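One structure below.
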Amino acid sequence: MAKAAEPDLKREKERWEKEILEPFLKKAKERRERFITVSDEEFNRLYGPSDIADLDYERDLSYPGEYPYTRGVYPTMYRGRLWTMRQFAGFGGPEDTNARFKYLLKEGQTGLSTAFDMPTLMGLDSDHPLADGEVGVEGVAVSTLADFEILFDEIPLDQVTTSFTINPSAPVIYAMYIAIADKQGVPRDKIRGTIQNDMLKEFIAQKEWVVSPKPSVDLIADIFEFGIKETPKFNLISISGYHIREAGSTAIQELAFTLADGMAYVEAGLERGLDIDKFAPQLSFFFNSHNSFFEEIAKFRAARRIWARAMREHYGAKNEESWKLRFHTQTAGCSLTDQQPLINIVRVTLQALAAVLGGTQSLHTNSFDEALALPTEEAVRIALRTQQIIAYESGVADTIDPLGGSYFIESLTNETERKTMEYINKISDIGHGSILKGALAGIDNGYFQREIGQAAYQYQKQVETGEQTIVGVNKYQIPKEQDMPVPILRIDPEIQRRQIARLEKVKRERDNDAVHRALGQLADAAMNKQNTMPFILDAVKAYVSVGEIMEVFRKVHGAYREPAIV
Amino acid sequence: MEQRIRILMAKAGLDGHDRGVKVVARALRDAGMEVIYTGLHNTPDQVVRSALQEDVDVIGLSILSGAHMTIFAKVAELLKKYEMNDVLLMGGGIIPDEDKPALEQLGVYGLFGPGASTQDIIEFIRNEVQKRRKLEV
């Protein structure tokens with residue numbers, strides 16, 4: 001019926017353009033020549049039935065909880081259960097972060113999310129020379145299980161879910177979490193949470209690594225193989241577009257590179273001989289929510305549809321859980337300004353709203369002071385309250401996929417899928433049909449880094465010519481002295497000394513024979529291409545440090561160094 | 001013709017945030033400067049040695065990890081040690097205003113944070129380098 005009516009609609013639109021619009025435009029021009037998103041995508045003046053003439057409801061949208069999940073992965077979405085409000089937290093020593101965790105839980109947060117300091121993220125201990133000045137600064141410092149015991153003191157692992165933003169040293173942190181669960185007497189198959197563990201995007205964007213891309217992916221396959229048996233409710237990876245976007249990519253690049261990375265990990269799991277329907281349900285995703293509201297909503301909807309189609313049609317997954325793309329969202333850190341910082345609260349609200357309208361499973365809202373330093377407690381509370389207002393006051397969570405069926409949103413979702421698939425097909429071509437090979441080759445030859453760098457530079461130029469508006473930066477500025485002073489969270493340099501002292505004490509008091517044994521067995525496993533996870537777990541339980549464990553991999557595979565590409 | 005301005009753009013420490021440094025590097029290059037980018041994860045010593053070898057007018061250090069007080073202090077100290085007093089040390093990243101006076105004391109001039117315009121950075125470098133070159137003559 002819709003199709004038969006289409007020619008009339010098209011004629012009607014032409015008539016409107018000729019009789020109403022054109023004479024109007026002659027009198028009053030539009031504000032801009034091009035109306036563009038932050039990703040330099042141009043939007044049309046108006047979308048109508050002819051823009052979605054080919055849309056097939058059953059095939060392209062279907063119902064929530066049904067393939068291809070465009071409208072959401074669960075049948076009741078937020079009417080059943082709200083998204084998890086998960087504020088990323090971590091600073092100082094484990095005692096400081098443990099206190100912040102308890103504070104957040106008391107304030108109504110429903111899941112934990114751990115930020116680690118740079119040394120821990122890079123697989124170095126607090127006493128490493130390169131760690132000087134960085135211990136506990138950007139996140140919590142963890143060198144051994146002793147730190148982790150303090151971090152999770154009085155936090156029952158059978159009641160909270162915990163997310164760990166950690167990549168090259170993810171196997172060690174994952175092992176520590178299991179060790180704590182064992183100590184608390186919580187069965188491993190009951191623990192829930194996520195390790196980020198996404199190394200491809202590290203080489204593409206976030207730039208934290210220990211060994212080169214191929215052995216890094218092998219280690220991820222170790223975790224898959226171990227995790228599907230040992231911790232079946234734990235997300236073994238969070239395939240992340242967040243950092244790709246923060247590095248300056250467009251929305252389409254974020255989606256395309258992230259989904260391609262996801263497919264690469266699926267191929268790595270298959271190469272390991274794992275059953276796709278065993279490990280795919282334990283994959284999760286992580287996206288950015290930036291300023292261009294509708295672009296973001298369409299991105300989230302398209303993400304679910306592309307993943308479902310790829311998993312079912314291309315990779316032949318049969319388990320419905322393998323088809324569902326579940327994701328965490330964080331609002332765009334790079335969109336925050338240090339000019340007039342309070343207005344960041346408004347930006348974060350809009351970005352969070354887009355994530356909710358896009359059907360996210362969990363959400364971190366940035367604090368308004370994060371362009372200046374780590375957030376203070378007050379700023380974090382406002383960020384959490386922002387989510388609570390969206391959840392409980394606005395009513396947007398009460399109807400599933402409320403924008404579904406909008407000419408604009410559906411047309412945008414289709415376009416996002418089309419353009420994303422162009423990129424994914426290109427990556428597949430680079431790898432001669434293998435996305436895994438394509439992703440590794442693209443990292444080696446700087447393809448991803450160049451694409452992102454170009455987009456970042458393009459955006460900066462548009463900001464400077466005024467083609468992109470940033471309120472408070474290139475429009476509506478105020479003199480610096482009128483700007484509001486923001487209290488800054490300071491990390492006490494004493495923390496570094498305290499951490500090093502604790503590490504020295506642990507190293508003195510642990511059973512060093514057991515340490516040497518564990519490290520020797522781990523090295524053998526790494527060299528003989530055995531699964532290293534059981535050996536990492538043994539080492540962790542013997543209080544071997546993050547740095548000592550990652551050093552084994554450095555010795556076996558060599559340390560990675562990135563070619564410097566501008 | 002005036003000699004082209006040579007600048008070393010550097011990332012030191014463990015910080016991997018390289019969007020800003022790369023955007024500025026491209027902009028300076030487009031403005032006609034010679035830009036040498038160190039890549040990630042350099043020690044302060046590596047930064048200063050590269051600056052010495054490349055005979056640069058400017059070192060632009062990018063730090064978003066909060067380690068700026070430690071790293072700038074080390075680089076400034078090494079510049080003194082190698083008597084590279086004519087090299088302009090500047091930087092960018094997430095650096096709170098209240099740290100800026102202390103950094104200036106160390107000899108760090110020109111700190112550009114989020115939202116800074118590349119045109120302002122270019123102009124700043126041209127003026128500063130010109131001043132320093134005049135002093136040398």
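Since this is a predicted model, take the numbers as computed values, not measurements. In what follows, every heavy atom counts, from backbone to side chain, and hydrogens, waters and symmetry copies are set aside. Every chain is numbered from 1, with letters handed out A, B, ... down the list of sequences.
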_Is any side-chain heavy atom of A:Q449 closer than 4.5 Å to one of B:D18?_
no
_Please check: side-chain N/O of A:E134 versus main-chain N/O of B:S65, any donor-acceptor pairing under 3.5 Å?_
no
*What residues of residues 70-84 of chain B sit under 4.5 Å from chain A when only non-hydrogen atoms are counted?*
B:T70, B:I71, B:K74
*Donor-acceptor contact below 3.5 Å, side chain A:E562 vs main chain B:G39*: no
_Validation row: A:Y560, B:H41 side chains within 4.5 angstrom (heavy atoms)_ = no
*asked:* Quick check on the interface: out of B:P114, B:A116, B:G115, B:G66, who has the most heavy-atom pairs with chain A under 4.5 Å?
replied: B:P114
*Do the side chains of A:C334 and B:H17 get nearer than 4.5 Å, heavy atoms only?*
no
_Between A:M118 and chain B, with a heavy-atom cut-off of 4.5 Å, which part of the residue counts as in contact: side chain, backbone, both or neither?_
both
*Using a heavy-atom distance cut-off of less than 4.5 Å, which residues of residues 46-57 of chain B contact chain A?*
none
*So what's closer than 4.5 Å to chain B heavy atoms on A:E202: side chain, backbone, both or neither?*
neither
*Full working for side-chain contact (heavy atoms from CB on, under 4.5 Å) between A:L124 and B:L14*: CA-CA 10 Å; A:L124 303 172; B:L14 299 173; 3.8 Å; yes
*Heavy-atom pairs under 4.5 Å with chain A are the metric here; pick the option from B:K11, B:R26, B:M9 that has the most.*
B:R26
